[in-house]
Amino acid sequence: IEREIGRIDLIIRQLLDFSREKLDKTQPVYIHQIIKETADVVQFQPGMDNIEIIIITTIAIFLILFFIIRKNNIDEILNELSNDYKLIMSGGGYFSYPILTGSFNKIKLEVTVYNEDKTNYINFQFQFKNELYSHMYFSITEETFFSGIKSQLGFKDFEIGEENFDSTFLLKTGYSPFLMALLTKKNRSIITRIKNNSSKFVFENNILTTAIQPNKSDLRRFKKHISAIVLMLEYISNIKDLNKQLIENVKNETNKKIQLLNMQLLVKHYNDSSTNKFCKEIIENNKNFDLKLIAFQNLQEEEKNLYIISLLHDRKLKKDDLIKVVKLIKDNISSSLLKPLKKIFTSTRFDDVKSEILTMFKLYNNPDLANFLLTEISNNSTEINLRILHVLSSIGDRTTLLALRKLSFNEKSLIQAYKHTTSQIENRLGSQEDGGMSFVDNNHKEGTISISNDSTNGAISLNNKDKSS
């Protein structure tokens with residue numbers, strides 16, 4: 001009723017306005033207002049059933065024209081891509097874009113258009129398959145603000161050792177040799193270039209998705225984009241022997257950290273004939289000492305000892321490299337290494353090298369070694385002598401104890417270390433016998449007094465070196 005009363009009121013007012021005499025006067029009018037008023041009058045006529053009058057503003061017309069032009073440009077790009085790469089076009093209409101699907105060099109390709117932040121992007125999705133390694137999980141995505149925070153908190157992703165690449169991408173993998181095998185120097189360059197020219201980059205397992213803002217005048221960029229990705233995915237699809245690919249990476253890599261990581265993964269995960277052969281080639285011919293030390297881990301035990309001996313005799317070896325060699329002995333203790341170690345200890349002028357050798361000496365329980373160290377006390381610095389006494393406290397015997405008692409020290413630190421060493425040796429020997437002491441007889445011959453007992457018997461024996469007692 002209210003609507004009809006309003007309609008009657010409108011008609012009466014319009015009739016009264018029409019009946020009044022008016023002077024003709026030309027003036028600007030709002031055409032939209034006139035159309036709206038006319039529509040309001042006639043909209044209840046029977047002939048207007050199911051007819052809706054839409055008033056379009058100038059801005060709306062401009063936006064529609066812009067959309068049409070933009071759509072035509074994108075349609076032309078999609079048509080050209082479809083023709084160049086033999087893709088099948090499906091769907092699409094006045095207000096939607098077609099989807100392109102097909103295969104290019106055995107790589108499945110799907111091209112769609114999506115809208116984000118009121119901007120259209122051409123979305124490329126590539127799908128490939130490596131029959132041997134399809135079960136191995138990996139992902140390469142853009143580093144985000146939140147992933148950066150997680151990294152700062154200690155939640156580290158996989159890193160390859162190239163600062164720019166590691167800071168740009170978030171890497172995850174269930175099997176690092178496969179990820180490193182596909183991240184060759186060339187592939188890293190392609191991935192970086194794709195990411196820099198894209199508004200989106202996700203590379204996960206067997207699917208790579210990337211998006212570019214459409215630009216009809218730069219179709220070459222699209223084609224280079226596609227060709228680079230297909231070339232890389234073809235390479236990944238054809239990886240068969242991961243160990244051989246890691247070997248190639250070591251040979252061709254210029255980044256030393258990445259080269260070492262490839263070598264570490266090779267030695268850790270593979271022990272086949274080709275890996276063994278390559279490791280021996282590295283040891284014999286490569287100038288990178290750190291690479292040699294990693295290859296060393298692949299050798300057999302006898303080969304390891306021979307190699308360490310050859311390195312210890314290498315006069316050209318730098319101090320830092322010599323320390324690395326000495327550290328290798330920790331996992332390869334052998335009596336054959338004792339002689340060259342003694343020689344290095346006597347000849348080197350570097351205290352830090354001597355310190356490392358003393359650490360290794362502590363692992364040997366050898367009486368001759370204790371005698372050797374006793375002769376070296378007078379030839380070294382206070383710091384090294386302190387370390388010698390520390391080693392003697394672990395490996396010294398009664399003969400060592402006798403020899404130590406003939407020595408005298410002036411420095412307070414050495415006197416304290418001396419007392420501690422003799423006490424440690426005595427305690428250790430005392431755990432083998434109930435009691436004992438050393439002596440020198442009137443003829444200046446060394447000997448020992450030992451006391452032993454059990455619940456029923458006791459004995460005191462006095463022995464000197466000429467066996468008399």
Side-chain angles (χ1 to χ4, degrees), residues 107-112 114-117 119 121-130 132-213 221 224-226 228-237 239 242 245-246 249-250 252-266 268-269:
I107 305 298
K108 289 183 180 179
L109 173 59
E110 181 179 286
V111 183
T112 56
Y114 77 100
N115 183 278
E116 187 176 291
D117 300 327
T119 305
Y121 294 91
I122 294 185
N123 194 67
F124 298 92
Q125 187 176 89
F126 301 83
Q127 188 170 352
F128 69 98
K129 190 170 185 179
N130 185 308
L132 292 175
Y133 304 109
S134 58
H135 61 288
M136 293 184 180
Y137 168 77
F138 76 91
S139 72
I140 306 171
T141 54
E142 296 178 68
E143 190 80 71
T144 63
F145 174 76
F146 293 106
S147 62
I149 292 177
K150 285 177 68 178
S151 179
Q152 293 296 322
L153 293 173
F155 297 95
K156 292 286 186 182
D157 58 312
F158 183 79
E159 294 185 345
I160 63 171
E162 187 176 77
E163 187 176 349
N164 290 337
F165 194 87
D166 288 332
S167 62
T168 303
F169 296 100
L170 183 68
L171 307 177
K172 294 181 180 180
T173 179
Y175 190 63
S176 47
F178 180 66
L179 184 57
M180 286 307 298
L182 68 89
L183 286 178
T184 63
K185 181 180 178 182
K186 185 174 183 179
N187 285 346
R188 294 198 308 274
S189 174
I190 291 173
I191 288 171
T192 302
R193 191 164 72 247
I194 293 167
K195 187 265 173 190
N196 291 339
N197 290 319
S198 306
S199 56
K200 179 170 70 172
F201 179 88
V202 179
F203 191 5
E204 189 166 14
N205 288 351
N206 62 332
I207 296 176
L208 188 152
T209 305
T210 177
I212 308 178
Q213 281 187 291
R221 183 164 63 104
K224 284 183 178 178
H225 191 79
I226 293 174
I229 293 174
V230 168
L231 189 67
M232 177 181 68
L233 298 184
E234 276 185 306
Y235 166 84
I236 298 171
S237 300
I239 293 177
L242 289 183
Q245 186 53 54
L246 291 173
N249 288 1
V250 173
N252 301 322
E253 186 58 62
T254 54
N255 183 300
K256 298 300 180 185
K257 288 184 178 179
I258 299 177
Q259 188 182 44
L260 290 175
L261 179 56
N262 275 287
M263 191 70 195
Q264 287 168 352
L265 294 173
L266 176 67
K268 181 179 178 181
H269 293 275

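Computed from a predicted model, the values in this text were never measured in an experiment. Just so you know, residue 1 is the first one in the sequence shown, and it goes up from there.
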Item to complete: Could you label the plane-to-plane angle of the Y133 and F178 rings as parallel, tilted or perpendicular, counting under 30° as parallel and over 60° as perpendicular?
Response: tilted
Worksheet, complete the sentence: Between I258 and I160, the two heavy atoms sitting closest are CG1-O, 3.3 Å
Worksheet item: Considering only heavy atoms from C-beta outward, does the side chain of E159 approach that of F165 to under 4.5 Å?
Response: no
Worksheet item: Between CD1 of I194 and CG of N187, what distance do you get to the nearest 0.5 Å?
Response: 9.0 Å
Discussion item. Closer than 3.5 angstrom, by distance alone: can the side chain of Q259 be matched with the main-chain N or O of V250 as a donor-acceptor pair?
Written reply: yes
Worksheet item: Looking just at side-chain N and O atoms, do N123 and K200 make a donor-acceptor pair shorter than 3.5 Å?
Response: yes
Worksheet item: Atom CD of E234 and atom CZ of F128: how far apart are they, to the nearest 0.5 Å?
Response: 12.0 Å
Fill in: Heavy-atom neighbours of E163 CD exceed 12 at 6.0 Å
no
Worksheet item: Hey, does K186 have a side-chain heavy atom less than 4.5 Å from the side chain of Y235?
Response: no
Discussion item. Please check this pair: side chain of N196 against backbone of T192, looking for a donor-acceptor N/O pair closer than 3.5 Å.
Written reply: yes
Worksheet item: When rounded to the nearest 0.5 angstrom, what distance separates OH in Y114 from CD1 in I122?
Response: 11.0 Å
Practice prompt. Output the distance between atom CG (D166) and atom CZ (F158), rounded to the nearest 0.5 Å.
Written response: 9.0 Å
Item to complete: Would you mind checking if K195 and E143 are paired as a salt bridge, meaning a charged N to carboxylate O distance below 4.0 Å?
Response: no
Item to complete: Report yes if the side chains of T254 and K185 come closer than 4.5 Å at any heavy-atom pair, otherwise no.
Response: yes
Response to the item:
I107 and S237 have their tightest heavy-atom pair at CD1-OG, 4.1 Å
Discussion item. Quick check: closest heavy atoms across A181 and L242, and the distance to 0.1 Å?
Written reply: CB-CD2, 3.7 Å
Fill in: Minimum heavy-atom distance between E142 and F201, given as atom pair plus value
OE2-N, 3.2 Å
Discussion item. Using the rule given for side-chain contact (heavy atoms from CB on, under 4.5 Å), can you reason through L208 versus M232, listing the C-alpha separation, both sets of side-chain angles and the distance that settles it, and then say yes or no?
Written reply: CA-CA 11 Å; L208 188 152; M232 177 181 68; 3.7 Å; yes
Practice prompt. Evaluate the side-chain proximity of T184 to Q245: yes if any heavy-atom separation is below 4.5 Å, no if none is.
Written response: yes
Worksheet item: Once the angle between the rings of F124 and H225 is folded into 0 to 90°, is it parallel (under 30°), tilted (30 to 60°) or perpendicular (over 60°)?
Response: tilted
Discussion item. Using side-chain heavy atoms (C-beta onward) and a distance below 4.5 Å, is I191 in contact with L183?
Written reply: yes
Worksheet item: Minimum heavy-atom separation for T210 to S198, with atom names?
Response: OG1-OG, 2.6 Å
Practice prompt. Could you tell me whether a side-chain N or O of N205 sits under 3.5 Å from a main-chain N or O of S139, the two making a donor and an acceptor?
Written response: no
Discussion item. Just so I know, are the side chains of I239 and L132 near enough to count as touching, which here means a heavy-atom distance under 4.5 Å?
Written reply: no
Discussion item. For L233 and L109: C-alpha separation, side-chain torsions, deciding distance, then whether side-chain contact (heavy atoms from CB on, under 4.5 Å) applies.
Written reply: CA-CA 11 Å; L233 298 184; L109 173 59; over 6 Å; no
Worksheet item: With a 4.5 Å heavy-atom cut-off, do F138 and L171 have their side chains touching?
Response: no
Practice prompt. Give a yes or no on whether the backbone of N130 and the side-chain of N206 come within a donor-acceptor separation of less than 3.5 Å.
Written response: no
Item to complete: Measure the OG1-CZ distance between T141 and F169 for me, rounded to the nearest 0.5 Å.
Response: 9.0 Å
Discussion item. With a 4.5 Å cut-off on side-chain heavy atoms, are L261 and K257 touching?
Written reply: no
Discussion item. With rounding to the nearest 0.5 angstrom, report the CZ to OG1 distance, R188 to T168.
Written reply: 12.0 Å
Worksheet item: Is a side-chain donor or acceptor of Q125 paired with a backbone partner of I207 at a separation under 3.5 angstrom?
Response: no
Practice prompt. Check for a donor-acceptor pair, side chain of E162 on one end and backbone N or O of N164 on the other, with a separation under 3.5 Å.
Written response: no
Worksheet item: Sub-3.5 Å donor-acceptor pair from the side chain of N249 to the main-chain atoms of M180, do we have one?
Response: yes
